[in-house]
Structures are given as structure tokens and as C-alpha cells.
Amino acid sequence: MRIIVPIKQVPETSNVKMDPVTGTMVREGVENVVNPLDLYAIETAIRLKEEYGGEIIVVSMGPEKAIDAIKEAIAMGCDDGILLSDKKFAGSDTFATSYVLAKAIKQIGDFDLVICGERATDGDTGQVGPGIASFLDLPLSTFTSQILSVENGKITVKRLVEEGYEEIEMMLPAVLTVVKEISDPRLPTLRGKLKAKRMEIPIWDAQKIGAEGQKIGLKGSPTRVVKIFTPKVTREGEKIIVKDEKTLYQAVDRIMDYLIKKELI
Amino acid sequence: MGEVWTLAEFRHGKLNPVSFELLNRGKSLAQKLNTSIASVVIGYNIKKEDIDELIARGADKVYVVGDKRLENFIVETYARVILRLLDEYNPDIFIAAATTTGRTLMPYIAVKKQTGLTADCTVLDIEEETGNLLQTRPAIGGNILATIKTPNTRPQMATVRPHSTKPLPPDKTRKGEIIYKQFDEEVFTTTTKYVRFIKDKSQQINIQDAKIIVAGGRGLGKAENFKLIEELAELLSGAVGASRDVVDRGWKTYPHQIGLSGKTVSPTLYIAVGISGAIQHIAGMQTSENIIAINKDPDAQIFKIANLGIVGDLNEILPLLIERIKEYKKKEANLNV
Ligand SMILES: Cc1cc2nc3c(=O)[nH]c(=O)nc-3n(C[C@H](O)[C@H](O)[C@H](O)COP(=O)(O)OP(=O)(O)OC[C@H]3O[C@@H](n4cnc5c(N)ncnc54)[C@H](O)[C@@H]3O)c2cc1C
Ligand SMILES: Nc1ncnc2c1ncn2[C@@H]1O[C@H](COP(=O)(O)O)[C@@H](O)[C@H]1O
């Protein structure tokens, strides 16, 4: 199997701090990591390779420092990486990003699967996976939670939907986006880290992938961000502290009041 | 000016109520643009009463594509049907719910139409000078809000977070136009096969549709204690949610997880019990209309976003609350006979 895994480097958000005065995100000292939800895609690819053999190629579109993300994926067990980097890519929205990734995937050539994360934790759209499938005219399973079988050029998967799961069968090559339930990502190994460190990651630009100038970067993006602002996070709700039996009953009374007044009961 | 379109989701033989929320959203946009609002409904066995319901909920027109081959959602065929409709009628705006279907179908379509799409919007408006759609959505785990527009391509597309608006009450006197469409074989050809649907029995009430969610965190201490959460949820006709810690420990399955790497919900009431309110959890529930938090740590982050916070031990509070709700319900039931 030849599997391509698009991964994105994102700011580490687990300890995002908001500046209480300005209400903006404190960016100093914020590390960049592999989009946490892409780790499930990487793990899924590695397990498929372990079962069926083959090769995993990670691709990432981003600035040069995104090489770190690619190297981390290689340290986990992926075979090769390609960085898609070009000033002309700057400002790409999900349409343009999907286009660049689709072009790069075509350039890579033969493959059986493209496995994406469900969404990136910064942009938080989840549109790039379906976008790639659309550009490449490939079958697509989003929110994939389990791979049931791969045989005779077909893949059968389970996808997590609102009231349960759907099982679908697709012809390969196909595109998957995966949810956390599909796997537990492994940690990079020491050997993997050494391999990644030594590896030279090729950088492909717009010309190399044959991307049309009017479909990439800000110019190629149909959407425009007009305004960014900080939501009011605090509701400044009331707080009741339970100290003894009396305050315990008061607290429960207050919850009941609230439920009744808001017609929630 | 082209129409405003909403996607009405038809699944397992019925309309998803989120379709009515979209109509309410779409209606205010259509009014500002002085155009009509239409719903597109595709599926199999779509009944006249379903179509009438869409009209009663605000649709001026309903485009209906019914076919056995559309019984189940397959992105390629659904997309082709909608693309044919978009090409024929050229609506100005096309919105769908940010459900698993909407979030799969819309990006697939937007690429084919070479137009922009904004995900998971919580606010939609019209820019007065240009008539462009202003699409506001949370990003970076809800830490910021961004307003986005699609100035040069059409349709302007967005997915809308479920429960971010209320549906309009039905008005049976409303009249609307119904347009039945049929398509040739080419539209339906696909190699993808829908095998089956497996209902998740642990989700008595689907979390993303629930009006009330009672969610438990690590503060519950052990899996058995989740019974308290389940009982409370049941009494309130709500669904059960969980923090990631709880899912990682196996106290609850992944479909219940709320947050950055789980589901995003926006119910009328969210009760967070023994949940600290880590930014990744808050990212998935902060747009809830009412939030009640129970936590023994007075400095827990969850209190920052709660309308009502109770600082105390859940083991004391929950049983008492459950008892009180039962009493209340009994009393109400007696009053009603
Ligand atoms: C990439 C990434 C993605 C993530 N995605 C998610 C996600 O989707 N969803 C999610 O929830 N988390 C997510 N997390 C994890 C998140 O950072 C927190 O670790 C998690 O939400 C904590 O869960 P918790 O609140 O149940 O546990 P804790 O943080 O341990 O909080 C337990 C709380 O219970 C209280 N408590 C204890 N005993 C009692 C008692 N007897 N009575 C009352 N209160 C009590 C404590 O005061 C404490 O505040 C993610 C993290 C990362 C890095
Ligand atoms: N710049 C990028 N480079 C590589 N893959 C990406 C990039 N952006 C998004 N992806 C992939 O698309 C998925 C969804 O991202 P998004 O649509 O931005 O939420 C991610 O989980 C990645 O697998």
C-alpha cells in the first residue's frame, strides 16, 4: 500500500493563554506541533503499513519550520516526507490549500489512500480532506472511526455520524479523514528520531507541482477574513459555595430555580 | 439577486430538525437581500408532509429530489445532484448545517464550484453596502472569532453550527412553491457502496441534537459514578457528555466526548460536573446557551464560562439534585391529572 498523509503544523494550544487585558492570545513561547488530530491519521497509516506493507509519505504545506512536523511523523514510522513551501502559497484558504495538496498528491503519483486528520486545531474547519477528494475526484469517507477491511482493491470503513456509525465500502484509491477513536498514536522511537534527523526533506514549490497561479495563495482564495475579534469568554455568572448542609440545600434550590425559570425542566 | 438556499437534511425517513434552524437563519438573510428562500431536500421517500413542514417553517420554495439511489448519504451522488441544481438556479447563498453530512458535502461541492466555504458559523449577516454574506465563526479552539466573506465567487457557502439559532414556529397557512426534479443515470453512478447503519445504543439521545447535555469529568472518580450523570440526564431528557479524560479512561465511549478532539455542541443547557474546563473542553461547548458547573475547586476554569457555578462536592450535590427533580416531577404530574 502506498499511503499519503497530509499533516499540518499548528501552534500548541493545550496551554494557550489569553491576555486578560487585551483579550488576545499570548503567542510568545507557544510551540509548534503536529496538528494533534493528524497523529491519528499517521498512526492509522502506520498500522495499515504494518499489516499490508508499503510506504507512507507525509506532505505538509507550510513554512520551512514545518519540516519539524514532517520529521516527527517520520520518527513515528512514516517513510518519506515532502514540504510544500512557496511564498506564493501564503494566505491560502481551505480551497487553495486543498488545491495545492491535491496537486502535490498527483505529482507523487501512484497511491492507494490519502489519510487526513479530521480537522486542524488552529483553523478548525475540517474542509481540506473533503476538498482534496473533490479535486482528485476520489471516493471519500469523513469521520472514519475504524477500518474494517482492505481487500480486492476495496476498503470498508466505519464512520462516526450523529446517531451511530455508517459502514461504507469504497474503491481504492480513496481519501479518509479520521477521528480519535480510530487509534492511539504511538510515540516516536529513538531509532525513528535518528533516521528523521539524518533525512533530507525535499521542498516542492508551486512550479514543481504545476499549480496555477490564480488558484493559490491569497489571490486564489475565494474567502477573505474581514475581521478577527475576541469573544466575551466570561459570563460572570453567580457562584454558590457549599460549605455545610445549609449551603448545600441552598445550592440545590438555586439549581432547581434556574431550571424552572428557564423552562428546562 | 439569486435566492438563499438551505440544505434540508433528510435521513432515515425524516427531516433533521436542524433544517428548520437553517430556514430561520436563511429567512433573515433573504429578507435583507429582498429575495426568496428555498430549501433543497434530497433522499428517498420524502413525504408531502415533510415538504409542507419546510414551507410552514419558512421556505418560499422547496426543491425536491427523491430517488431510491439517494436513500443513504454518499458524498459523490449527493454532491452531483446539488451541483446540477446550483448550476441551473444559481442561488446567491447556500447554507447547510455543520453536521457530519454538511461538513462532508459542502467542502466537496465548494471545490467543484470553485467558491468559498466557511465552516461552523455561529453568526451570519449581510454586509449592507455590498450585499455580501458575513460569516462569523469561532477559531483556535474558540479563542477568537473571525468574520469571513466570499466577495467574488458564487454561491457564498457556509455550514452553520447546530443550535446556534432557534427554528421558527410552524405556520401552516404559509404557501410555497414545490419544484420536483429528476436526473439522469449519470448523476447516480458511484463505486461507493453504503453497507449499513449501526445505531449507537449508548446514545439514547443524540448529543448533537440534544437540548440538554449533562457532562461528567474526571471529578466523578470512577466509572460507576457516571450512573449519577446518566440518571440526571435521563430525568432532564438530556444526553450524556464526557471530557476527554473520562473517555481515555474508558468510563464512557468516544462518541460522548465533547471538545476539541471530540464533538462541538451548543445545547440550551450544559451541565458540567467534575470537569475542570480545560481550553480544549471549553472549545466544544462554550456556545451553549446556559451553563451550570459543579466543581469542588473554586478556581476551576469552568466557572469562568458558567451562568451558575456551584462550588462543592458532586457526591453530595448530585444525589440531592436528582431527588429534588424527582419530587418536582411527581408534583407536576399530580397537578396535571
Ligand atoms: C490536543 C488535545 C485535544 C484535547 N481534546 C479534548 C477534548 O476534545 N475534550 C476534552 O474534554 N478534553 C480534551 N483535551 C484534554 C484537556 O486538556 C483536559 O485534560 C481534559 O478536558 C480534562 O478533563 P476533566 O476536566 O474531566 O479532568 P480534570 O482536569 O482532571 O478535572 C477534574 C475536575 O473535577 C473536579 N473534582 C474532583 N473531584 C470532585 C468532586 N468530588 N466534586 C466536584 N468536583 C470534583 C476537580 O476540581 C477538577 O476541576 C485535549 C487535550 C489536548 C492536548
Ligand atoms: N497546510 C496543510 N498541509 C498539509 N495538510 C493539511 C494542511 N492543512 C490541512 N491539512 C490536512 O487537512 C486536515 C483538515 O484540516 P483543516 O481543513 O484545515 O481543518 C488536517 O488534519 C490535515 O490532514
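We use all heavy atoms of the structure for the numbers below, so side chains are in, but hydrogens, waters and symmetry mates are not. In the text below, chain A, chain B and the rest are named by the order of the sequence lines, each starting its count at 1.
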Should we count CD of Glu212(A) as having more than 12 external heavy atoms under 6.0 Å? yes

Greatest number of heavy atom pairs closer than 4.5 Å to chain B - which of Gly126(A), Gly123(A), Ser141(A): Gly123(A)

Among Glu127(B), Lys296(B), Arg137(B), Met106(B), single out the residue with the greatest number of heavy-atom pairs under 4.5 Å to chain A. Arg137(B)

Side chain from CB out, backbone as N, CA, C, O: work out which of these in Thr77(B) comes under 4.5 Å of a heavy atom of chain A, or both, or neither. neither

Contacting region of Ile325(B) [heavy-atom separation from chain A under 4.5 Å]: both

Within 6.0 angstrom of Glu245(A) CD, more than 12 heavy atoms from elsewhere: no

Measuring heavy-atom distances to chain A, does Asp313(B) have an atom under 4.5 Å in its side chain, in its backbone, in both, or in neither? neither

Can you confirm whether more than 12 heavy atoms, excluding those of Lys329(B), are under 6.0 Å from its NZ atom? yes

Heavy-atom pair with the smallest gap, counting every atom of Gly312(B) and Val242(A): CA-CB, 4.1 Å

Let me know if Lys215(A) has heavy atoms under 4.5 Å from chain B in its side chain, its backbone, both or neither. side chain

Taking Pro298(B)'s backbone N and O only, do any of them form a donor-acceptor pair with Lys239(A)'s side chain (distance below 3.5 Å, no angle check)? yes

At a heavy-atom separation under 4.5 Å, does Ile155(A) approach chain B through its side chain, its backbone, both, or neither? neither

Between Thr247(A), Leu37(A), Thr177(A), Ile260(A), which has the largest tally of heavy atom pairs under 4.5 Å with chain B? Ile260(A)

Would you say Ile255(A) and Ile292(B) make side-chain contact, with heavy atoms under 4.5 Å? yes

Whatever's closer than 4.5 Å to a heavy atom in chain A on Ser261(B) counts as both

Counting heavy-atom pairs under 4.5 angstrom with chain A, the leader among Lys149(B), Gln208(B), Gln156(B), Arg103(B) is Lys149(B)

Taking 4.0 angstrom as the limit, do Asp253(A) and Arg324(B) come out as a salt bridge? yes

Let me confirm one number: the CD-OG1 distance from Gln135(B) to Thr223(A), rounded to the nearest 0.5 Å. 8.0 Å

Do Pro107(B) and Phe95(A) come close enough that some side-chain heavy atom pair is under 4.5 Å? no

Let me know if Ala139(B) has heavy atoms under 4.5 Å from chain A in its side chain, its backbone, both or neither. both

Do the side chains of Ile310(B) and Val252(A) get nearer than 4.5 Å, heavy atoms only? no

Determine which residues belonging to residues 180-187 of chain A lie within contact range of chain B, meaning some heavy atom pair is under 4.5 Å apart, and list them by number or answer 'none'. Lys180(A), Glu181(A)

Ser237(B), part contacting chain A, at a heavy-atom distance under 4.5 Å: neither

Could you tell me which non-hydrogen atom of Pro222(A) sits nearest to which non-hydrogen atom of Gly116(B), and how far apart they are? CB-N, 3.3 Å

Once you round to the nearest 0.5 Å, how far does CG of Leu140(A) lie from CD of Glu76(B)? 7.5 Å

Contacting moiety of Lys154(A), where chain B heavy atoms sit under 4.5 Å: neither

Show the numbers, then the answer: is there a side-chain contact (heavy atoms from CB on, under 4.5 Å) between Arg159(A) and Thr104(B)? CA-CA 12 Å; Arg159(A) 39 192 308 265; Thr104(B) 307; 3.6 Å; yes

Is the shortest side-chain heavy-atom distance between Thr136(B) and Phe229(A) below 4.5 Å? yes

For Glu323(B), check salt bridge (charged side-chain N to carboxylate O under 4.0 Å, His left out) against everything at least two apart and list the hits. none

So for Tyr108(B), is it side chain, backbone, both, or neither that comes closer than 4.5 Å to the heavy atoms of chain A? both

Below 4.5 Å, heavy atoms only, C-beta onward: do Arg11(B) and Val161(A) meet side chain to side chain? yes

Go through Ile212(B) and Leu264(A) one step at a time and tell me if the side-chain contact (heavy atoms from CB on, under 4.5 Å) criterion holds. CA-CA 8 Å; Ile212(B) 296 181; Leu264(A) 294 162; 4.2 Å; yes

May I ask you to name which of Thr115(B), Leu236(B), Leu320(B) has the most heavy-atom pairs under 4.5 Å with chain A? Leu320(B)

Engaged part of Asp120(B) at the chain A interface, taking heavy atoms whose separation is under 4.5 Å: neither

For each of Gln114(B), Glu289(B), Gln257(B), tally heavy-atom pairs with chain A at distances under 4.5 Å, and name the one with the top tally. Gln114(B)

Could you go step by step and tell me if Leu248(A) and Ile317(B) meet the side-chain contact (heavy atoms from CB on, under 4.5 Å) rule? CA-CA 7 Å; Leu248(A) 172 64; Ile317(B) 297 163; 3.6 Å; yes

Gly131(A) and Val111(B): which non-hydrogen atoms are nearest, and at how many Å? CA-CG2, 3.7 Å

Side-chain contact, heavy-atom cut-off 4.5 Å: Thr94(A) with Leu117(B)? no

Is there a side-chain contact (heavy atoms from CB on, under 4.5 Å) between Thr121(A) and Leu260(B)? Walk through the geometry before answering. CA-CA 7 Å; Thr121(A) 56; Leu260(B) 190 68; 3.7 Å; yes

Contact residues of residues 191-201 of chain B (partner chain A; heavy-atom separation under 4.5 angstrom): Thr191(B), Thr192(B), Lys193(B), Tyr194(B), Val195(B), Arg196(B), Phe197(B), Ile198(B), Lys199(B), Asp200(B)

Checking the side chain of Arg254(A) only, and the main-chain atoms of Leu308(B) only, is there a donor and an acceptor separated by less than 3.5 Å? no

Can you check whether Arg224(A) reaches Ile148(B) side chain to side chain, under 4.5 Å on heavy atoms? no

Against chain B, label Ile132(A) side chain, backbone, both or neither, depending on which of its atoms sit under 4.5 Å from a heavy atom there. neither

Heavy-atom pairs under 4.5 Å with chain B: which of Glu118(A), Arg119(A), Lys262(A) has the most? Arg119(A)

Does Glu162(A) reach the side chain of Thr99(B), with side-chain heavy atoms less than 4.5 Å apart? yes

From CD (Glu166(A)) to CD1 (Ile74(B)), nearest 0.5 Å: 9.0 Å

Which members of residues 167-175 of chain A, sorted by number, sit under 4.5 angstrom from chain B on a heavy-atom basis? Glu167(A), Ile168(A), Glu169(A), Met170(A), Met171(A)

Chain B interface, residue from Tyr99(A), Phe135(A), Tyr258(A), Tyr249(A) that has the most non-hydrogen pairs under 4.5 Å: Tyr258(A)

So does Glu234(B) have more than 12 non-hydrogen atoms from other groups sitting under 6.0 Å from CD? no

